[in-house]
Amino acid sequence: MFSRKEERSVSLSERWPRVSKFILSACAASVAELVTFPLDLTKTRLQIQGESAAHLFGEATKRTNPYRGMLRTAAGIIQEEGVLKLWQGATPAIYRHIVYTGVRMITYEHLRDSVLGRAEDKSFPLWKAVVGGMTAGAIGQFFASPTDLVKVQMQMEGKRQLEGKPLRFCGVHHAFVKILSEGGIRGLWAGWVPNVQRAALVNMGDLTTYDSVKQFLLLNTSLQDNSITHSFASGCSGLVAAVLGTPADVIKTRIMNQPRNEQGRGLMYKSSADCLFQAIQGEGLMSLYKGFIPTWMRMVLLLSLRILLPPGG
């Protein structure tokens, strides 16, 4: 315990290290989210594009031509909806990062220090880091899932307006209230299963690949531990994470965006497995990788920002 005089001289980060770390991480994650958010919006639009279940359900429209590819999608959003629409849904995305970062950080540190435990030399083996990272990421994503749900639905509002459909929400808080009133607490966690799966897979790919590639480069090449090594390792890590996580992300996006009945139940998909089956049967296996390029680019940018910002979510 610090005396009163000592407390005045001790910095906030020393008195409350976890609180300070959380605040810095949340701020860093929010900045990174805003910088890369247009890629996330583009990814979401691509994942919904050509949805076979929408044609069967009668949601398809002939009044607007479907987007094709990342660049044409982004250009179409700017031309038809306005450049600021590239950040539609950014507010719940920031909420998501605050919740996800806080829960993941606290959970990971508890697993590392109290459950998995460090080695005798105080090091933390890679396999424990992977297990801890996947578990903490999955738990953090579960608690943040309602914010992801609102984000996805708000990201699709501009396209709905172009198709002549009524807007679902007036704002972020209205979205939470409406979803809660129509589907109850359970409705806020629609799509949480593929969402949690994605978080676990992305964390696994991120942790294992980044450290492995970086160590390989430092041991087998003349590269030093600098921005070049970091960027190369980030690119490889983002690639593996995107390959592992994109299929679950596509399923998550479609389940979260689907129309629902008065009880809050999905009208297009009965479950994650049903969505997966319909996507493969109606659009082919590669439909699970719609939005892969912006997903990969965003992961690389987020990983690269670690060199400039404190670690975030």
Side-chain angles (χ1 to χ4, degrees), residues 1-2 10-33 94-145 147-148 192-219 225 229-230 233-234 236-245 248-249 299-313:
M1 295 293 292
F2 296 108
V10 173
S11 65
L12 177 65
S13 60
E14 293 175 317
R15 292 170 63 185
W16 297 299
R18 289 194 175 183
V19 174
S20 301
K21 184 177 179 181
F22 167 69
I23 293 173
L24 288 173
S25 297
C27 291
S30 298
V31 172
E33 179 67 27
I94 291 175
Y95 291 168
R96 178 259 177 194
H97 268 290
I98 293 174
V99 175
Y100 175 74
T101 299
V103 174
R104 186 182 71 161
M105 182 186 73
I106 293 171
T107 303
Y108 182 77
E109 291 188 352
H110 176 72
L111 290 172
R112 181 192 62 196
D113 299 334
S114 303
V115 179
L116 297 172
R118 295 178 182 272
E120 293 183 0
D121 59 356
K122 300 299 181 180
S123 63
F124 198 54
L126 179 60
W127 73 267
K128 288 187 177 182
V130 172
V131 172
M134 289 180 65
T135 304
I139 293 173
Q141 190 60 71
F142 174 79
F143 282 98
S145 197
T147 58
D148 251 335
W192 73 268
V193 173
N195 208 9
V196 167
Q197 291 173 341
R198 174 194 172 277
L201 291 169
V202 166
N203 273 276
M204 180 180 71
D206 179 2
L207 287 167
T208 55
T209 307
Y210 180 84
D211 287 337
S212 299
V213 170
K214 186 175 180 180
Q215 289 301 314
F216 177 84
L217 292 174
L218 293 176
L219 293 175
D225 190 357
T229 305
H230 171 83
S234 296
C236 295
S237 176
L239 176 61
V240 174
V243 169
L244 293 174
D249 196 29
M299 286 182 177
V300 172
L301 286 173
L302 289 172
L303 288 166
S304 297
L305 283 171
R306 289 177 179 174
I307 201 169
L308 302 174
L309 299 168

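Start at 1 with the first residue, then count along the sequence.
The shortest side-chain heavy-atom distance between D225 and K214 falls under the 4.5 Å cut-off.
By the side chain to side chain contact (heavy atoms under 4.5 Å, CB included) test, L217 pairs with V213, T221, L223, T229, F232, sequence neighbours left out. Residues that satisfy the side chain to side chain contact (heavy atoms under 4.5 Å, CB included) test with T135, not counting sequence neighbours, are L111, V131, I139. Legend: residues meeting ring-ring contact (aromatic ring centres under 6.0 Å, His included) with F142, ordered by chain and number and at least two apart, are W189, W192. Partners of T147 under the side-chain hydrogen bond (donor to acceptor under 3.5 Å, both in side chains) rule, at least two apart in sequence or in another chain, do not exist in this structure. Under the side-chain hydrogen bond (donor to acceptor under 3.5 Å, both in side chains) criterion, S212 pairs with no residue, sequence neighbours left out.
Taking every heavy atom of both residues into account, S234 and V300 meet most closely at O-CG2, 4.0 Å. Shown here for G140 and Y100, the closest heavy-atom pair between the two residues is C-CD1, 3.5 Å. For S237 against G205, the heavy-atom pair with the smallest separation is OG-O, 3.9 Å. Of all heavy-atom pairs between T107 and A136, the closest is CG2-CA, 3.9 Å. Nearest heavy-atom pair, V103 versus F143, reported as atom, atom and distance to 0.1 Å: CG1-CD1, 3.9 Å. Closest non-hydrogen pair, A199 versus Q141, comes out as CB-CB, 3.5 Å.
With rounding to the nearest 0.5 Å, the separation of CD in E33 from CD1 in I94 is 7.0 Å. With rounding to the nearest 0.5 angstrom, the CG atom of L244 is 11.5 Å from the CZ atom of R198. Note that CG of L116 is 6.0 Å distant from CH2 of W127, once rounded to the nearest 0.5 Å.
The cationic group of R104 does not satisfy the cation-pi geometry with Y108, failing either the under 6.0 Å distance to the six-membered ring centre or the 45° limit from the ring axis.
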